[in-house]
Amino acid sequence: MKETLTYTEAFEELKTIVDQLENDSVSVDELTEKMKRATVLMKICRDKLTKTEEEVNKTIEELS
């Protein structure tokens with residue numbers, strides 16, 4: 001099942017995880033799960049950015 005988060009939702013959750021890691025508020029027991037989740041969120045963000053770039057480029061080509 002593919003997750004359907006918006007870019008903003010995925011990015012905000014990713015920022016929260018990074019903040020937790022930077023502030024040492026993640027236990028060793030949680031670290032692996034947080035890193036796995038961060039990887040999923042980064043893929044969601046990257047995919048959405050790539051799709052947006054493709055759509056913008058297509059629109060620009062249509063205007064030319």
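Only this structure's heavy atoms are used, side chains among them; waters, hydrogens and symmetry mates stay out.
With Glu9 contributing its side chain and Thr6 its backbone, the two residues share a donor-acceptor pair below 3.5 Å.
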Please report, to 0.1 Å, the donor-acceptor pairs under 3.5 Å made by any side chain of residues 20-30, with sequence neighbours excluded.
residue	atom	partner	partner atom	Å
Gln20	OE1	Lys34	NZ	3.0
Asn23	ND2	Asp19	O	3.0
Ser25	OG	Gln20	O	3.2
Ser27	OG	Asp29	N	3.4
Ser27	OG	Glu30	N	3.3
Ser27	OG	Glu30	OE1	3.4
Glu30	OE1	Ser27	N	3.1

Could you tabulate the donor-acceptor pairs under 3.5 Å formed by side-chain atoms of residues 51-60, not counting sequence neighbours?
residue	atom	partner	partner atom	Å
Thr52	OG1	Lys48	O	2.9
Asn57	ND2	Glu53	O	3.3
Thr59	OG1	Glu55	O	2.9

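A distance of 9.5 Å separates CG of Leu14 from CZ of Arg37, quoted to the nearest 0.5 Å.
Linking ILVMFWY side-chain heavy atoms closer than 4.5 Å, directly or via other members, places Leu49 and Val40 in two distinct hydrophobic clusters.
Among residues two or more places apart in sequence or in another chain, the salt bridge (Lys or Arg N to Asp or Glu O under 4.0 Å) test is passed with Glu12 by Lys15.
Residue pairs meeting the ring-ring contact (aromatic ring centres under 6.0 Å, His included) criterion with at least one partner in residues 10-59, sequence neighbours excluded, are Tyr7-Phe11. Pairs engaging residues 12-47 under the ring-ring contact (aromatic ring centres under 6.0 Å, His included) rule: none recorded [sequence neighbours left out].
Through direct or relayed side-chain contacts under 4.5 Å between Ile, Leu, Val, Met, Phe, Trp and Tyr, Val18 connects to no other residue.
Ala38 approaches Ile17 most closely through the heavy-atom pair N-CD1, 4.1 Å.
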